Amino acid sequence: MYSLGVDIGTTFVAAAIARDDQVEMVSLGDRSVATPSVVYLREDGSLLTGDAAARRAVSNPDRQGREFKRRLGDPTPVMLGGTSQPVTTLLAALLRDVLTSVTETEGGKPDRVVLTHPANWGPFRRGLFEEVPALAGLENPPTVTEPVAAAAHYASSHALRDGEVIAVYDLGGGTFDATVLRARDGGVEILGSPEGIERLGGVDFDEAVLAHVNHASGGVLDDLDLRDPTTSVALARLRQDCVLAKEALSVDTETVVPVFLPGRHFDVTITRAELEDMVRAPLETTVTALARTLRSAHVEASELSAVLLVGGSSRIPLVAEMVAAEIGRPTVVDTHPKYAVALGAAILADALPESSGRPYAPAARTSPPSGPMPVVGPPSGGFPAGGGYRPDQPYVQQATTAAPPAGPPPAPQQPSHPPATPTDEGLTTAFSPGGAGTRPADEAATVGTGAGRSHSGHSGGSGGTRPPGPTGPARVPAEDDAPTGPIGPVPPTGPAAATSPPPPPRPSGAPSRRRILAVVAGVLALALVVGAAVVGFRVLGASTPQEEAADAPPPTTVAASVPIPTLGATIPAGQTPGYAQVSPNGRLVYVANRTAGVVTVVDTSVNAVTATIAITSGPPQYLTFSPDGKRVYVSVFDDARTIAAVSVLDTTTNQVVATIPVQTRPFAAAVSPDGSRLWVPNHDSGSISVIDTASNTLIRDVKVKPNPHWVEFSRDGTRAYTPNHESNLITVLDTATYGVIAEVPVGTSPHSVAVNPVRPLLANVNYDSDNVTVIDTTTNTLVATIPVGDNPQEITWAPDGRFAYVANNKSNTVSVIDAQTLAVTATLPTPAGPSSVTVTPDGRTGYVSTIQGGVLAVLNLS
């Protein structure tokens, strides 16, 4: 038994199945999960769909139909091979082939089916759309709007509080929808009136790229003879290459469009900045539509917990930037933006009662049923707050028979809003998604004591060409894999490698994992109470906060990080707070105030400044703690480059106890895990100074490529990593021999690096190519390039290793990256000039220094 969700989009068709609390995509394409929404009319009058249709259309473009979903309701028929074809027939051909493919793959027909449609379709279009499943042999399947299906998928992996409000921004291949939803006890409700733009999406951006190619080539396309069949074939191929170029610019900053025309062959280079200039104006209309949706729902932007970005075109980095800038709330790019609607539809199908969404009949084509069909359209409810997928929950009820729920709805925690605007169908949905394999956001995970070091700062650097390499998400160890498990085929390297068989299924009646964790949490809470009492006695014995910072052991229980952190209050931190670092026990944040010439100390228990320490040796630029927290090493240099030293700050007295001269401007240093060595990158001399921490003396200078910005150690201390800012490399050093093990090409101007605390991953930011590159540390090879905001300056990992946080200096944002999918999950607005991110060892709180904003921005990470 399985349930099926189908998303027939303007440019592609996707399908997902749900069974046994598991939801997964069905592979429909030859080389991808989705298949193109393309049909091809054969000579015998039959219709071919998907990849096969797209291939044949290259040689016979006049027999091809694409983007016809936009034409639903248009009285003008679609012409294929000189014959007219109703849009409903073409859509039915797509659906029929999906049903056939899934049935063959699964060995049987689906038990329940749900289809999706744009939120802005009125009764006329929805009525026409009801003909499509009948033509495909499917009996009256329920339909839902695409934003509601996307919200169902979102809720399957995110616990939604009662009263929590989210907005869904759905930018697909041909349409745009914006919807506001509020979680409530027993479901969700649509607030206000969904907004939509019927003819705006990825296909319009494809046309913009084609127009750019024509303009860059001096209008060569305008002079083509479109009656020549070879010209038609060449244009069809060029359009495909323009689509590929647009998609490539979501992960790269520059690409090339090859142009093959009769008698001519040349290349046109296009940059991401040029694409953004082309699409900025239409994207502004989507942001305006989203704002109108909020107004119709009587929801202030500040009341949104997040804006969920779905649809393939939402992967364009500019989308997240513009939405975050306008709305001022976190933007969340769905893990599978192209497939979120299909996945959500499958979740909803699995929640249907047995009598709904019946299997389809085997007939290839049927006539529309007589009489009006029941319309099952945009629901006004949905999933219980807090997630928890239960397929036994009912999904839809017909509006003509549904009675309003007894009693008033529970009072939401968010500010109250007017009731949802009634839709034409007036339906209510009730489903409980909770994707299989997801871990509740409030779970805790014990991963040891390491918490990646945070760094920031930029001196400016030369440009350069980004070397070739992987530019997309790569499969990496899952969050429940062995902590040191490698990427892909690399053999396991840690003691927890996957050598034991998978755990057996939990028997019926056995306690759930959540219940077991609740018991464990209770035991831990009791232990913390006892521990607090012991600490209290120590405090009464006249220990200072600085002594506690030095002596108290770091915590070992780490909170599970979440893909969408929330923003907290800002903390005034003095002038030019350029770099911040949390103490090893998490109780204090030390902040380097560059122009002010001081280090500010913030108490994390009250988020207030408790001390200001003058650094007389020069402007403090970077900070790094010794592992025991007793020392802070302050990198000191001035713009005139007359000062280059490291000052040693005693955290028990907040006094500078030594100043060690180094060669040139010292950037972000690191202390070895055993605390015996301090490695200092000297930016201008292309060297790393190695200092003995016991005697505060220089023992060695290690030559590297120009110009080292950062140093980060592997967890076992056997390797050191440094980004060579002017050489576009990451250098891997053997800490025992000081020899170079590898030099890994990355993006332009690599600035900072961070070692994942539980996975074999090293991430670095590339300041001038606006992306993050990820390296597999078992093979020293590049596995992914991830676009982020403008001029990313610093990156650090959550202590549980699930997410990385990137300070985008010029975009005034922080990007959140999923370690498993290697994709951005959220973009958070910050005050001006975010320059570093540091995280408490328990993983609950992050602090972002903002050099122009003069504050620390607080992030709630768990």
Side-chain angles (χ1 to χ4, degrees), residues 4-10 12-15 35 37-39 41 45-50 53 65-80 83-103 109-110 112-146 149 174-175 196 198 341-342 345 348-349 352 356-379 396 398-400 423-425 427:
L4 176 67
V6 183
D7 172 25
I8 305 176
T10 303
F12 70 90
V13 181
T35 188
S37 296
V38 177
V39 297
L41 182 67
S46 62
L47 292 173
L48 191 65
T49 68
R66 62 170 63 239
E67 301 162 20
F68 44 81
K69 182 182 176 183
R70 285 180 162 185
R71 302 276 298 276
L72 185 65
D74 188 336
T76 305
V78 177
M79 301 299 295
L80 301 182
T83 64
S84 63
Q85 299 288 333
V87 174
T88 52
T89 300
L90 303 181
L91 292 172
L94 293 173
L95 177 59
R96 184 177 60 250
D97 285 354
V98 169
L99 295 171
T100 301
S101 176
V102 172
T103 299
K109 300 174 183 178
R112 292 173 290 267
V113 181
V114 165
L115 306 180
T116 65
H117 64 78
N120 66 336
W121 277 5
F124 176 64
R125 279 190 170 184
R126 290 198 299 271
L128 290 175
F129 188 65
E130 290 295 334
E131 299 178 14
V132 172
L135 293 172
L138 190 62
E139 299 180 39
N140 293 347
T143 63
V144 296
T145 65
E146 292 162 1
T175 58
E198 292 188 6
V341 172
L348 298 177
L352 283 169
S356 299
R358 292 183 292 276
Y360 67 97
R365 292 175 186 244
T366 62
S367 300
S370 59
M373 289 190 210
V375 178
V376 183
V396 294
Q398 290 291 345
T400 55
T423 63
D424 293 327
E425 293 78 10
L427 299 177

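Since the structure is predicted, the reported quantities are computational estimates derived from the model, not experimental observations. Values below: all heavy atoms of this structure, side chains included; hydrogens, waters and symmetry mates excluded.
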Flag, side chain of S101 to backbone of V98, donor-acceptor distance under 3.5 Å: no

Donor-acceptor pair, side chain of K109 and main chain of T103, under 3.5 angstrom: no

Pairing residues for T49 by the side chain to side chain donor-acceptor pair (under 3.5 Å) criterion, not counting sequence neighbours: D97

Test side chain to side chain contact (heavy atoms under 4.5 Å, CB included) applied to T88 and L135, step by step: CA-CA 8 Å; T88 52; L135 293 172; 4.0 Å; yes

Side-chain touch L138/V113, heavy atoms, less than 4.5 angstrom: yes

Considering all heavy atoms, the nearest A136-A92 contact: CB-O, 3.7 Å

Heavy-atom side-chain proximity of T143 to R126 below 4.5 angstrom: no

Polar side-chain atom of R70 near backbone of T10 as donor-acceptor pair, under 3.5 Å: no

Salt bridge K69-E146, side-chain N to carboxylate O under 4.0 Å: yes

Smallest separation among heavy atoms of V13 and L94, with atom names: CG2-CD1, 4.1 Å

Least distance between heavy atoms, S37 atom then F68 atom: O-CE2, 3.8 Å

Heavy-atom donor-acceptor pair, R66 side chain to V38 backbone, under 3.5 Å: no

Side chain to side chain, P133 and L95, heavy atoms closer than 4.5 Å: yes

Any donor-acceptor N/O pair, T100 side chain to R96 backbone, under 3.5 Å: yes

Side chain to side chain donor-acceptor pair (under 3.5 Å) partners for T35, two or more places apart: none

